[in-house]
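Note sheet for the following structure.
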2 protein chains.
Amino acid sequence: MKAAHSKKTGCRNPLHSQERILEAALKEFAAKGFAGARVDAIAGRARINKRMLYHYFGDKKGLFREVLRRKLAERSAWLASAPEPLIESLPFWFHIACRDAEWIRLLEWEALQWGERKVIDESHRRENAVRAIERLRQQQAKGLLSEEFDPGQLLLSMMALIAYPLAFPQMARLITGLSVSDPDFQRQREAFLHQFAMAFQPRPAIAGPQGRPERSHSWKSALK
Amino acid sequence: MKAAHSKKTGCRNPLHSQERILEAALKEFAAKGFAGARVDAIAGRARINKRMLYHYFGDKKGLFREVLRRKLAERSAWLASAPEPLIESLPFWFHIACRDAEWIRLLEWEALQWGERKVIDESHRRENAVRAIERLRQQQAKGLLSEEFDPGQLLLSMMALIAYPLAFPQMARLITGLSVSDPDFQRQREAFLHQFAMAFQPRPAIAGPQGRPERSHSWKSALK
DNA sequence: GGGACAAGTAACTTGACAGTTACTTTTACT
DNA sequence: AGTAAAAGTAACTGTCAAGTTACTTGTCCC
């Protein structure tokens with residue numbers, strides 16, 4: 001009876017408090033960066049006292065690290081969730097990235113603040129990168145992708161095409177005249193990335209227009 | 001006599017002081033961002049008193065703006081200096097960007113700190129963007145570039161391919177295993193961008209391998 | 001119920017930093 | 001030379017924010 005209250009709905013719920021802190025911290029860090037973020041603001045947003053925040057996470061940097069670590073774990077499913085041909089899923093990745101611009105911003109703040117110095121354990125990241133490169137290699141071996149390109153550089157370029165407009169929204173707006181958050185912009189970019197991916201495939205030597213038909217937008221239905 | 005001394009070599013040289021401040025500010029802001037930068041550090045680096053800094057530039061934000069404005073003006077010559085076919089000059093742009101990573105970082109800090117809110121007058125920027133898009137359109141009209149691609153999205157993508165590795169060095173290192181500042185990395189990326197640009201050109205319908213020979217690396221000699 | 005410990009609060013300390021003030025030195029002009 | 005304005009300095013002020021301390025409230029178990 002009492003236990004039920006304490007475990008679920010009670011104001012005293014450490015795990016729930018920690019979740020609230022992490023959520024608030026993600027928003028604050030993504031919006032203002034490490035230096036600009038205010039611990040008091042995070043505590044306020046999480047409706048918790050600063051004291052508890054320090055109790056759970058040690059210090060500001062520890063909190064940042066934890067936020068980053070969590071997001072990383074959450075996002076490591078990306079590669080696995082993408083439909084087979086890696087380049088064809090560019091629009092899919094972009095679509096997902098748009099729904100979670102905070103993630104991109106967090107990475108960007110990390111990049112700027114600490115450059116190449118690692119701020120969290122990177123084994124997961126490295127693993128994912130290696131796996132993606134391996135997939136590109138396999139596609140090259142199967143002849144689905146020209147072998148002249150270095151798979152690493154290719155992967156880097158794919159990430160660039162996805163992340164750049166979100167990381168530099170002022171540039172995107174300057175060039176296209178649309179705000180990055182405008183659905184029109186997102187549709188436009190998705191369409192471009194689709195065309196791009198198609199153009200990048202090695203031309204099927206002899207196959208006619210029916211060669212490999214309409215697998216294009218499968219990911220859209222896969223989402224809902 | 002006295003005038004000559006005062007104008008050129010004297011410790012009292014306002015213009016020279018301002019130059020030193022701007023130089024120091026560029027380094028500090030690029031390294032630590034607006035929130036992380038310390039006015040005292042800038043003053044110290046410029047071997048000048050804080051008072052004068054405030055006298056010349058009003059406040060911290062004014063100084064940041066001026067640094068940004070200057071760099072923008074300095075860089076607006078880029079487009080003009082690029083050899084004709086815009087996509088072919090990708091490696092050239094990347095090469096230049098590498099020599100001036102501070103510029104990219106400054107833009108990145110700006111993007112994160114203020115998002116799409118403009119922090120300086122953007123007419124120059126807009127003008128350059130419009131000009132570049134116009135050039136791409138002309139190339140499409142001439143049949144040098146497939147017309148299926150939106151020129152704006154294409155320009156955005158070119159900037160992405162150039163800036164992303166410099167803006168997210170941790171990603172570049174994760175994927176390629178090389179530091180962005182490593183000359184090997186830079187060579188590798190330049191080579192990739194070159195291949196990429198070639199692959200992107202519409203296939204010359206009938207022309208043999210001699211179709212349009214070896215204009216490829218002209219920009220390298222043009223630099224020295 | 002009572003005591004031990006976990007969760008929570010508010011007020012405080014300490015240091016850092018943007019911006020200022022009161023003052024001195026150099027240059028420019030007559 | 002004399003003087004006014006520009007260029008420069010060091011020490012100061014007020015604010016803000018990270019991290020701490022001393023204290024209160026709720027929870028769990030006997």
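Model, not experiment: these values are computed from the prediction. Order of the sequence lines sets the chain letters (A, B, ...), proteins ahead of strands, with each chain counted from 1.
- Within a 6.0 Å radius of CD in B:Q140, other residues, nucleotides and ligands contribute more than 12 heavy atoms.
- One side chain, B:H16 or B:R20, offers a donor N or O that lies under 3.5 Å from an acceptor on the other.
- Among the heavy atoms of the strands lying under 4.0 Å from B:R38 are primed sugar atoms or P, OP1, OP2 only; no base atom is included.
- If you measure from atom NZ of B:K61 to atom P of C:dC17, you get 21 Å, rounded to the nearest angstrom.
- In this structure, the nucleotide among C:dG8, C:dA18, D:dG19 sitting nearest to the side chain of A:S17 is C:dG8.
- Distance B:F64 CZ to C:dA18 C1': 17 Å, rounded to the nearest Å.
- Nucleotide D:dT9 holds its P atom 16 Å from the OH atom of B:Y54, rounded to whole Å.
- Of the N and O atoms on the side chains of A:S181 and A:R173, not one donor lies less than 3.5 Å from an acceptor on the other residue.
- A heavy atom lying under 4.0 Å from DNA chain C marks the following residues of residues 39-46 of chain B, by number: B:V39, B:D40.
- Taking the charged nitrogens against the carboxylate oxygens, A:E74 and A:K71 do have a contact shorter than 4.0 Å, which makes a salt bridge.
- Regarding B:L53, its CG atom lies at a distance of 16 Å from the C1' atom of D:dA10, rounded to whole Å.
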Inset, instruction - Could you give me the CA-CA distance, side-chain angles and deciding distance for A:S179 and B:E116, then say whether side-chain hydrogen bond (donor to acceptor under 3.5 Å, both in side chains) is met? - result: CA-CA 8 Å; A:S179 167; B:E116 294 182 44; 3.1 Å; yes
Inset, instruction - Kindly indicate, with the supporting measurements, whether the criterion ring pair (Phe, Tyr, Trp, His ring centres under 6.0 Å) is fulfilled by B:Y164 and A:Y164. - result: CA-CA 7 Å; B:Y164 184 83; A:Y164 184 83; 8.4 Å; no
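- When rounded to the nearest whole Å, the span between CG of B:N49 and C1' of C:dA22 equals 13 Å.
- At a cut-off of 3.5 angstrom, the base of D:dG19 holds no donor-acceptor pair with the side chain of A:K60.
- Straight-line distance from the CZ atom of A:F29 to the C1' atom of D:dA18: 12 Å, rounded to whole Å.
- The side-chain tip of B:K60 points at the ring of B:F34 from less than 6.0 angstrom away and within 45° of straight on.
- As judged by a 4.0 angstrom heavy-atom cut-off over every strand, A:Y56 is placed among residues touching the sugar-phosphate backbone only.
- Distance A:I48 CD1 to C:dA10 P: 12 Å, rounded to the nearest Å.
- Atom CZ in A:R20 sits about 12 Å away from atom C1' in C:dA7, given to the nearest Å.
- In the set D:dG8, C:dA7, D:dA22, the nucleotide with an atom closest to the side chain of A:R51 is D:dA22.
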